[in-house]
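Data block below; observations after.
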Amino acid sequence: MSFEQLLPILASTVTAATPLVIAALGVLVSERAGVLNLGVEGMMLMGAVTAFAIGVSSGSLLLGYLAAIAAGAGMALLFAVLVLTLQTNQVATGLALALFGTGLSAFLGRDYVGTPIERLPPLEIPLLADIPVLGPLLFHYDTVVYLSALLFVVVSWFLFRSRHGLRLRAIGEAPAVAHSLGEPVIRIRYLATMFGGAMSGLAGAYLSTALTPMWAEGMSAGRGWIVLALVVFATWRPLRVLLGAYLFGGVAVLQLHAQGFGVTVPSEFLSMLPYLATIVVLVLICRDPKAILLNQPASLGRGFHPEA
């Protein structure tokens, strides 16, 4: 395979991984605060339909993206009220949120099926885009791809280089101790949860306006569940999240290009490759439970009441 043939595969891998990177970094922050939100799939779909509807109606993708972020954050706020204030079970509530978002997005988007929308344009960087080899590989993407890289840097710095990140991680590890030291545990968990929802909404917006510029019911195709597995696979570390997202993105792209290279494998098998890879990775990780326990926030998925 020549480099000219490999280049579009690498570029497609970056694009396919972008919504996974964005959503997974949001989930990472939320789970580092001790909140387990399994409703990523529903929040991504709500972001996708909101961005598409607002983008088509207003003609502005920027408004669509802002609305998608607000929709994701709103869904996460609903989840936070239920689990942080009303103390419902986080796992059950997250699953309900995923189902609710899937159904509501299908209802809201029924009038937009088959409606065209202009794809998010690539950001042409003068001079840099013309560099041989590196130009086509690094400088021909849209704004959100570069935003995902910036988000990785910001989240990494915030969690491990800032005082506020230390507070958030302390709340995820020992909320009772943090509360006794005067930390606003519930408020910080609210903010972390809403940030995770906002990033899921942004990832969904990218699906419907850039990756596949259209609206179709259930178009996230299980990516929300892959994101949740990705965070565990990365043992709650941003760099591993980034690398894992590109790994899963590469597997997803591989299924699209394999038949073009004459691979005689049934298309159904190729379509299930990303999900098969998810299962294999989780099985391999579970062989070393100590690594999970050492890196997982100690209070993940457990409720906390200040008066308890």
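Throughout, residue positions are numbered sequentially from 1 according to the sequence presented.
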Any idea which heavy atoms bring [X] and [Y] closest together, and the distance?
X	Y	value
Y146	H140	OH-N, 3.5 Å
A67	I54	CB-CG1, 3.8 Å
T102	S105	O-OG, 2.9 Å
G250	T13	N-CG2, 3.5 Å

Distance check, rounded to the nearest 0.5 Å: [X] atom [atom1] versus [Y] atom [atom2]?
X	Y	atom1	atom2	answer
L38	L99	CG	CG	11.0 Å
M199	S148	CE	OG	11.5 Å
Y141	T18	OH	OG1	8.5 Å
L63	S58	CG	OG	4.5 Å
H164	F158	NE2	CZ	7.5 Å
W215	L108	CH2	CG	8.5 Å

Residue from L168, L191, T193 passing side chain to side chain contact (heavy atoms under 4.5 Å, CB included) with V29 =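 Answer after filtering L168, L191, T193: L168.
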
query = Is the side chain of R110 donor-acceptor paired with the backbone N or O of F107 at a distance under 3.5 Å, no angle test?
reply =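 Side chain of R110 to backbone of F107: a pair is present.
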
query = Any donor and acceptor pair, going by atom type alone, linking the side chain of R32 with main-chain N or O of G172 inside 3.5 Å?
reply =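 No; judged by distance alone, with no hydrogens or angles, the pair does not exist.
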
Using atom types as modelled, flag every donor-acceptor pair under 3.5 Å from a side chain in residues 115-123 to any protein atom, sequence neighbours excluded.
{"residue": "T115", "atom": "OG1", "partner": "Y112", "partner atom": "O", "Å": "3.2"}
{"residue": "R119", "atom": "NH1", "partner": "A210", "partner atom": "O", "Å": "2.4"}

key: Those residues that, when tested against E183, pass salt bridge (charged side-chain N to carboxylate O under 4.0 Å, His left out) (two or more places apart)   =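 Counting only residues at least two positions away or on another chain, E183 forms a salt bridge (charged side-chain N to carboxylate O under 4.0 Å, His left out) with R167.
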
ask   = Do you reckon M214 sits in the same ILVMFWY cluster as L207, going by side-chain contacts under 4.5 Å, direct or chained?
value =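 Not linked; separate clusters.
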
query = Should V35 and V177 be counted in the same cluster of Ile, Leu, Val, Met, Phe, Trp and Tyr side chains packed under 4.5 Å apart?
reply =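 In one cluster: no.
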
inquiry  = Going by side chain to side chain donor-acceptor pair (under 3.5 Å), name the pairs with one or both residues in residues 83-98, residues two or more places apart or in two chains.
reply    =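 Matches after skipping sequence neighbours: T85-Y190, T88-T93.
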
Under a 4.5 Å cut-off applied to non-hydrogen side-chain atoms, are [X] and [Y] in contact?
X	Y	answer
R163	L166	no
S200	M75	no
F152	S156	yes

Atom pairs and distances, side-chain donor-acceptor, residues 19-28, under 3.5 Å, sequence neighbours left out:
none

key: Counterpart residues, side chain to side chain contact (heavy atoms under 4.5 Å, CB included), relative to L62 (two or more places apart)   =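 Only S60, L66 meet the side chain to side chain contact (heavy atoms under 4.5 Å, CB included) criterion with L62.
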
For residues 40-53, tabulate all N or O donor-acceptor pairs below 3.5 Å that involve a side-chain atom, not counting sequence neighbours.
{"residue": "E41", "atom": "OE1", "partner": "R223", "partner atom": "N", "Å": "3.4"}
{"residue": "E41", "atom": "OE1", "partner": "G224", "partner atom": "N", "Å": "2.7"}
{"residue": "E41", "atom": "OE2", "partner": "S220", "partner atom": "OG", "Å": "2.6"}
{"residue": "E41", "atom": "OE2", "partner": "G222", "partner atom": "N", "Å": "2.9"}
{"residue": "T50", "atom": "OG1", "partner": "M46", "partner atom": "O", "Å": "2.6"}

